[in-house]
Q: 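Take a look at this one; I'll ask things after.
Order of the sequence lines sets the chain letters (A, B, ...), proteins ahead of strands, with each chain counted from 1.
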Protein chains: 2
Amino acid sequence: MELDQLTECYKAMADKTRLNILALLRHEELCVCELVDILKMTQPSISQHLRKLKQAKLVKERRNSQWIFYSIDGEIYPFIKANLEALPDMSAKIEELKASGGKVCC
Amino acid sequence: MELDQLTECYKAMADKTRLNILALLRHEELCVCELVDILKMTQPSISQHLRKLKQAKLVKERRNSQWIFYSIDGEIYPFIKANLEALPDMSAKIEELKASGGKVCC
DNA sequence: ATTTTATATAAACATATGGTTATATACTAA
DNA sequence: TTAGTATATAACCATATGTTTATATAAAAT
């Protein structure tokens, strides 16, 4: 692949918050406010991280009325599956969110 | 894996020069001055990039008298092979180096 | 229409990063 | 021991990055 595209990919992954987001999206698509809830960060911060991931084509978005749901993309990267598999399991965080009634949305 | 370890790995890969170094080392181990030659960058700059790669355990070093040869490591990362395979082929650069008599060393 | 909710963008700031120049260290050769 | 070669480290600087606060946009509900 092109080095510039690869650099953008790894830059996008070179941040703990963004790896957390990817790890969460592995389980299911989530909207911004759910990520804010789970990661306990401000909404603009999450939005900007999502923008980087989207620019690197690691996530895609889908609008559903007032919410925008993000999900894993990365299909342009032949290696992405292997990388995502190395991310820690975050299902507990997702369960927490659902238990606290924070799911669908918000 | 641990998110901190993964973050360090992707940070190390999030730079064009370092991806170039990894792409070159895929072919064979190289010493610092050979990398300086091929990448046409200053020696301190290359050294500092190598340090980052080494800290992330993506490369390892082997001393041979006055030279230090770097080679691919990354064995702590289950995905690293897939990632290295996506790097562009740099064999032409290596051939150039050998043709110009710059090999073994320096 | 106006208000509320969800998200994005902008401006400002502190910290991180990469490059350069200068210097230190490690080994070799004389 | 001294000089030369290979590499590492340090100090400095410019640019990039991530966070915060404030504001803008878009859709929903009233």
Q: Please find out if less than 6.0 Å separates the ring center of B:F79 from that of B:Y10.
A: yes
Q: Measure from CG on A:L35 to P on C:dA8 and round the result to the nearest Å.
A: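 So the two atoms are 10 Å apart, to the nearest Å.
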Q: Counting heavy atoms from C-beta on, name the nucleotide in D:dT7, C:dA6, C:dG19 closest to the side chain of A:C33.
A: C:dA6
Q: Please confirm whether any donor atom in the side chain of A:Q43 sits under 3.5 Å from an acceptor in the base of C:dA8, or the reverse.
A: yes
Q: For A:S47 and A:Q43: C-alpha separation, side-chain torsions, deciding distance, then whether side-chain hydrogen bond (donor to acceptor under 3.5 Å, both in side chains) applies.
A: CA-CA 6 Å; A:S47 273; A:Q43 173 267 315; 3.1 Å; yes
Q: Choosing from D:dT9, C:dT17, D:dA8, which nucleotide comes nearest the side chain of B:Y70?
A: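 The listed nucleotide nearest to B:Y70's side chain is D:dA8.
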Q: Among C:dG18, D:dT21, D:dA27, which nucleotide has an atom closest to any side-chain atom of A:P44?
A: D:dT21
Q: Across the strands shown, which category fits A:K52 at heavy-atom distances under 4.0 angstrom: base, sugar-phosphate, nothing?
A: sugar-phosphate
Q: Quick one: A:I46 CD1 to D:dG18 C1', roughly how many Å, whole number?
A: 12 Å
Q: Using only atom types and a distance under 3.5 Å, with no angle test, would you say the side chain of A:H27 pairs donor to acceptor with the backbone of A:M90?
A: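 Flag set: sc A:H27 to bb A:M90 pair under 3.5 Å.
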Q: Begin from the C-alpha positions of A:Q48 and A:K52 and carry the test side chain to side chain contact (heavy atoms under 4.5 Å, CB included) through to its verdict.
A: CA-CA 6 Å; A:Q48 291 177 63; A:K52 284 214 172 179; over 6 Å; no
Q: Take the protein atom CD of A:E8 and the nucleotide atom C1' of D:dT17, then report the distance between them rounded to whole Å.
A: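 Answer to the nearest Å: 14 Å.
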Q: Given atom CZ of B:R18 and atom P of C:dG19, what is their separation to the nearest angstrom?
A: 8 Å
Q: Between the side chain of B:R26 and the main-chain N/O of B:L84, is any donor-acceptor distance below 3.5 Å?
A: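 Side chain of B:R26 to backbone of B:L84, a donor-acceptor pair under 3.5 Å: yes, one is there.
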Q: Whole angstrom is fine here: how far is it from CD1 in A:I68 over to P in D:dA28?
A: 12 Å
Q: Once hydrogens and angles are ignored, does a donor-acceptor distance under 3.5 Å link the base of D:dT20 to the side chain of A:Q48?
A: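 Present.
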Q: For A:T42 and for A:N64, find the nucleotide of DNA chain D with the closest heavy atom, then tell me which residue's nucleotide is more 5'.
A: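 Upstream on the strand: A:T42.
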Q: Is B:K54 touching bases, backbone alone, or none of the nucleic acid, heavy atoms closer than 4.0 Å?
A: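 No contact.
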Q: What is the distance, rounded to the nearest whole Å, between atom CD of A:Q66 and atom P of D:dA27?
A: 11 Å
Q: A:S45 has a side chain; which of D:dT19, D:dT9, C:dT17 sits nearest to it?
A: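 Among D:dT19, D:dT9, C:dT17, the one nearest the side chain of A:S45 is D:dT19.
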Q: Nearest-Å distance, CZ (B:R62) to P (D:dA6)?
A: 16 Å
Q: DNA chain D: B:E61 or A:A14, which has the more 5' nearest nucleotide?
A: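 Result: B:E61.
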Q: Please pick, from C:dG18, D:dT7, D:dG18, the nucleotide with the shortest atom-to-atom distance to any side-chain atom of A:H49.
A: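 Per side-chain heavy atoms of A:H49, the pick is D:dG18.
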Q: Hey, does the side chain of B:S45 reach the backbone of B:M41 with a donor-acceptor pair shorter than 3.5 angstrom?
A: no
Q: Measure from CG on B:L30 to P on D:dA6 and round the result to the nearest Å.
A: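 Result: 15 Å.
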Q: Choose from C:dT20, C:dT17, D:dA26 the nucleotide whose nearest atom is closest to any side-chain atom of A:R63.
A: D:dA26
Q: Is the phosphate of D:dT9, meaning OP1 or OP2, less than 4.0 Å from a side-chain N or O of B:R51?
A: yes
